[in-house]
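Taking it in order: structure first as structure tokens, then the write-up.
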Amino acid sequence: MKQFVALARVSSREQEREGFSLDVQETALKAYADKHGGTIIRLFRIAETASKTDERKTFRELVMFAKKRAPELDGLLFYKVDRASRNLFDYVELERLESEYGVPFISVSQPTELTPSGRMMRRTLANMASFYTEQQSVDVREGLARRVKEGWFVGKAPYGYRNVRRNGRGEVELDPVPAENVRRIFRHHAYESLTLDQLVEKLRADGCVFRAPNTPFPRSSVHNILQDRAYIGEIEYRGQWYPGRHEPLVDR
């Protein structure tokens, strides 16, 4: 029986909606192995929720496993070429497994021959995938920068605010109880001679709750709140501060 190693990868929710979910890929990979009289001895998975560090770790594990078991393997299985690698550096690693270790690269839904012309076609697909990934990253950065210039947070709103969606657009509004806690922290800090530890104790004595149901204010969170210029109406992006459209909680 032939032996294969396989990788299923989903890098965004959009790809999952378009029919490239992990389950769809795994079904196709196993069907290919069955059709060719083989079995998948190790299936690697990279989910949409994986961090870049976890993604790199899984890819390196795949390469190391394939090198170690190369004499026994009849191929590396991928659903599509762009599911195999995120960039050309990774794709080169996979080609080296084929050329130096004799482990064929097999794309089950985009089959190519193991010939110079077949490899050229595969490299073209890998190059297109790399371009798409890089361009998507540029588009995201430009979109975030545009959102900041319009005065909106690019991620989760800071404590005292909450993210809402209006007319298909992400905005922020005051979160009443946390917002009052922030105002209280700044009032105590500005008008009373309290150390940070005394301020934390004061909040506890006043019955202020940081998070539901009954989490007291951590010292580090109080310190961070007092350092955050979002509360005077600004937005931080890449180390710079910009005017925001949200309602300030304290005056300058």
Side-chain angles (χ1 to χ4, degrees), residues 10-18 47-56 86-87 129-192 194-196 199-200 202-204 206-252:
V10 176
S11 57
S12 72
R13 290 185 177 87
E14 286 72 25
Q15 287 175 338
E16 186 161 348
R17 285 200 296 267
E18 290 167 7
E48 175 268 330
T49 54
S51 66
K52 285 187 177 181
T53 300
D54 291 338
E55 192 170 343
R56 292 299 307 160
R86 288 174 55 88
N87 54 65
S130 179
F131 166 78
Y132 174 78
T133 299
E134 292 176 17
Q135 186 61 50
Q136 190 177 48
S137 179
V138 170
D139 292 342
V140 168
R141 286 198 301 270
E142 290 178 349
L144 294 179
R146 192 161 52 245
R147 181 170 172 81
V148 169
K149 290 179 180 178
E150 292 175 358
W152 299 111
F153 293 104
V154 297
K156 185 177 180 181
Y159 182 80
Y161 298 93
R162 58 190 175 199
N163 297 85
V164 295
R165 198 148 192 90
R166 295 192 180 98
N167 301 320
R169 184 184 186 85
E171 300 181 7
V172 298
E173 65 181 15
L174 293 184
D175 196 355
V177 174
E180 182 53 38
N181 286 339
V182 171
R183 293 190 182 104
R184 184 189 298 265
I185 288 170
F186 276 94
R187 282 199 302 269
H188 285 320
H189 183 68
Y191 301 116
E192 301 179 36
L194 301 177
T195 65
L196 192 58
L199 177 51
V200 171
K202 175 71 172 172
L203 293 170
R204 185 178 291 108
D206 289 345
C208 295
V209 175
F210 180 56
R211 302 286 188 195
N214 199 28
T215 306
F217 272 88
R219 185 180 189 276
S220 59
S221 296
V222 175
H223 178 267
N224 291 337
I225 287 172
L226 290 169
Q227 296 283 326
D228 197 339
R229 292 171 58 165
Y231 299 119
I232 59 173
E234 298 184 6
I235 293 174
E236 190 274 336
Y237 182 65
R238 294 193 168 189
Q240 301 294 320
W241 290 91
Y242 301 87
R245 294 176 61 176
H246 59 288
E247 180 182 343
L249 288 178
V250 296
D251 60 47
R252 290 180 178 271

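Fair warning: this is a prediction, and the values are worked out from it, not measured in the lab.
- Of all heavy-atom pairs spanning Phe210 and Pro216, the tightest one is CB-O, 3.6 Å.
- For the atom pair Tyr237 OH and Tyr242 OH, the distance stands at 8.0 Å (nearest 0.5 Å).
- One finds the CD atom of Gln240 at 11.0 Å from the CD atom of Glu234 (value rounded to the nearest 0.5 Å).
- At least one side-chain heavy atom of Trp152 sits less than 4.5 Å from a side-chain heavy atom of Arg245.
- When all heavy atoms are compared, the tightest approach of Asn163 to Val172 is ND2-CG1, 4.0 Å.
- Annotation: the span from Ile185 atom CD1 to Leu196 atom CG amounts to 9.5 Å, rounded to 0.5 Å.
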Subject >> Trace of the side chain to side chain contact (heavy atoms under 4.5 Å, CB included) decision for Leu203 with Val222 >> reply: CA-CA 10 Å; Leu203 293 170; Val222 175; 3.9 Å; yes
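- The aromatic rings of Phe153 and Tyr161 lie tilted to each other, with the angle between the two planes from 30° to 60°.
- When only modelled atom types and interatomic distance are considered, Asn224 and Tyr159 share no side-chain donor-acceptor pair under 3.5 Å.
- In this structure, Leu226 CG and His188 NE2 are separated by 11.5 Å, a value rounded to the nearest 0.5 Å.
- The side chain to side chain donor-acceptor pair (under 3.5 Å) test applied to Glu173 returns Arg162, Arg166, not counting sequence neighbours.
- Going from atom CG of Leu249 over to atom CZ of Arg184 covers 13.5 Å, rounded to the nearest 0.5 Å.
- Looking at every heavy atom in both residues, Trp241 comes nearest to Ala230 through CZ3-N, 3.7 Å.
- Taking CZ from Arg56 and CG from Asp54, the interatomic distance works out to 12.0 Å, rounded to the nearest 0.5 Å.
- A salt bridge between Arg147 and Glu150 is absent, with no side-chain N of the basic residue lying under 4.0 Å from a carboxylate O of the acidic one.
- The one candidate from Asp175, Leu174, Val182 that meets the side chain to side chain contact (heavy atoms under 4.5 Å, CB included) condition with Pro178 is Asp175.
- Scored by the side chain to side chain donor-acceptor pair (under 3.5 Å) test, Arg211 finds no partners at all (sequence neighbours excluded).
- With Glu236 contributing its side chain and Gly239 its backbone, the two residues share a donor-acceptor pair below 3.5 Å.
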